[in-house]
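As structure tokens, the structure follows; a few thoughts come after it.
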Amino acid sequence: MTIRVIVVDDQAMVRAGFAALLSAQADIDVVGEAPDGRRGVEVSRSVHPDVVLMDVRMPEMDGLAAARELLNPPTGVVHIPKVLMLTTFDVDDYVYEALRAGASGFLLKDAPPADLIAAVRIVAAGEALLAPSVTRRLIADFAQRRPAPRRAPSLRLNGLTPRETEVLELIARGLSNQEIADRLVVAEQTVKTHIGRVLSKLDLRDRAQAVIFAYESGLVTPGDAPA
């Protein structure tokens, strides 16, 4: 099955480069481009892509506002694509908010071509793209610069088993499934099962929202060392 993609970025050369790279893949079809968030929303609602590559800083409408429009559409709009944010570290605040809005993840704009291709496939398959090392820096840095008052862990955590709570904490600390499996001395498939149950019990869309929930609930706080 071919993955339909649109590229939204205000730099024409960036759009062209990403489009050429992705179009060269047998399973990816670039069906549209846009120079700003507003046009990106219009193009998306016209061609119905599976994945939208969305830059953060753009004129007219930035990537965050556009992501919110696409992921929380008005009544009558049925198609909701996956949104993959393109970013650099100096816009961490915006990416954090995009993840809260429902974006499936983020990718650094200077990532290797193979990472971009893999990211599109991962997001199209319904998975969240959160590179472990970047996750730690992104969430911790945001929380440290915008500290929230200390709170007791959310009551929603009470519905998790001790092992599920442990898995959620390790996700939030940026560990991959294999790293969690190694830490807990279990099979990777077992970790995936725990993650599925965590998402279901907490009514979360994906791994990205699980990371944010762990921080906002008070389960994990920036600067804490993993157990």
Side-chain angles (χ1 to χ4, degrees), residues 1-9 14-35 37-56 63 66-87 95 98-132 134-135 171 176-178 181 187-200 203-211:
M1 178 176 150
T2 301
I3 302 169
R4 295 166 57 82
V5 177
I6 68 170
V7 181
V8 184
D9 193 295
V14 171
R15 293 199 309 275
F18 284 165
L21 175 66
L22 294 172
S23 294
Q25 310 307 307
D27 60 335
I28 299 176
D29 186 12
V30 177
V31 296
E33 300 179 19
R38 191 174 305 283
R39 281 288 299 140
V41 172
E42 293 172 356
V43 172
S44 177
R45 289 181 178 162
S46 172
V47 302
H48 295 175
D50 300 302
V51 177
V52 176
L53 284 181
M54 181 78 73
D55 189 22
V56 172
R68 285 177 173 152
E69 287 268 345
L70 290 174
L71 297 168
N72 299 280
T75 302
V77 175
V78 177
H79 178 73
I80 301 179
K82 305 293 184 183
V83 176
L84 177 60
M85 304 301 296
L86 299 169
T87 184
V95 177
L99 293 175
R100 290 188 65 193
S104 293
F106 58 90
L107 187 72
L108 297 180
K109 294 183 76 170
D110 60 356
D115 286 2
L116 173 63
I117 296 167
V120 168
R121 290 171 176 154
I122 289 169
V123 169
E127 299 292 329
L129 181 76
L130 289 173
V134 180
T135 300
I171 290 173
S176 67
N177 287 355
Q178 186 57 60
E188 185 176 0
Q189 184 57 49
T190 300
V191 173
K192 292 180 180 179
T193 298
H194 286 312
I195 293 173
R197 289 173 178 164
V198 167
L199 297 180
S200 177
D203 193 25
L204 301 173
R205 181 184 290 113
D206 53 31
R207 192 186 190 99
Q209 291 197 334
V211 171

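Of the charged side-chain nitrogens involved, at least one lies within less than 4.0 Å of a carboxylate oxygen, so that D9 and K109 count as a salt-bridged pair. Using a 4.0 Å cut-off between a side-chain N of Lys or Arg and a carboxylate O of Asp or Glu, D27 and R121 qualify as a salt bridge.
Looking at S23 and D29, their side chains never come closer than 4.5 Å, going by heavy atoms from C-beta outward. At least one side-chain heavy atom of I28 sits less than 4.5 Å from a side-chain heavy atom of V120. Proximity of H48 to S44: side-chain heavy atoms (C-beta onward) are nowhere separated by under 4.5 Å. Side chains of V30 and F18 form no contact here, defined as non-hydrogen atoms less than 4.5 Å apart. N177 has its side chain within reach of K192: a pair of non-hydrogen atoms, C-beta onward, lies under 4.5 Å apart. Looking at heavy atoms from C-beta onward, V52 lies out of side-chain contact with V5 at the 4.5 angstrom threshold.
M85 and A103 get closest at one heavy-atom pair: CG-CB, 4.0 Å. Summarising the geometry of V43 relative to G32, their closest heavy-atom pair is CG1-CA, 4.2 Å, with the distance given to 0.1 Å. The nearest pair of heavy atoms linking L71 to G102 is CD1-C, 3.3 Å. Closest heavy-atom contact between M54 and A67: CE-N, 4.2 Å. Residues G40 and I6 share a closest heavy-atom pair of O-CD1, 3.7 Å. Between P81 and P49, the closest heavy-atom pair is CB-O, 3.5 Å.
The closest donor-acceptor contact from the side chain of R45 to the backbone of H79 lies at 3.5 Å or more, if one exists at all. Without hydrogens or angle criteria, D55 side chain to V8 main chain gives no donor-acceptor distance under 3.5 Å. Of the possible donor and acceptor atoms, none in the side chain of S200 sits under 3.5 Å from a partner among the backbone N and O of G196.
Rounding to the nearest 0.5 angstrom, the gap separating the CD atom in E33 from the CZ atom in R39 is 11.0 Å. For the atom pair OG1 of T193 and CD of E188, the computed distance is 11.0 Å after rounding to the nearest 0.5 Å. For the atom pair CG of L53 and CG of L116, the computed distance is 6.0 Å after rounding to the nearest 0.5 Å. Between the CG atom in L22 and the CZ atom in R4 there is a gap of 14.0 Å [rounded to 0.5 Å]. Note that the CD1 atom of I117 and the CD1 atom of I122 stand 12.0 Å from one another [nearest 0.5 Å].
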Please determine whether side chain to side chain contact (heavy atoms under 4.5 Å, CB included) holds for the pair S104 and L84, giving the CA-CA distance in whole Å, both sets of side-chain angles, and the decisive distance to 0.1 Å. CA-CA 6 Å; S104 293; L84 177 60; 6.0 Å; no

Carefully, step by step, assess L86 and V56 under the rule side chain to side chain contact (heavy atoms under 4.5 Å, CB included). CA-CA 6 Å; L86 299 169; V56 172; over 6 Å; no

Let me see the working for R207 and I171 under side chain to side chain contact (heavy atoms under 4.5 Å, CB included), right down to the final yes or no. CA-CA 8 Å; R207 192 186 190 99; I171 290 173; 3.8 Å; yes

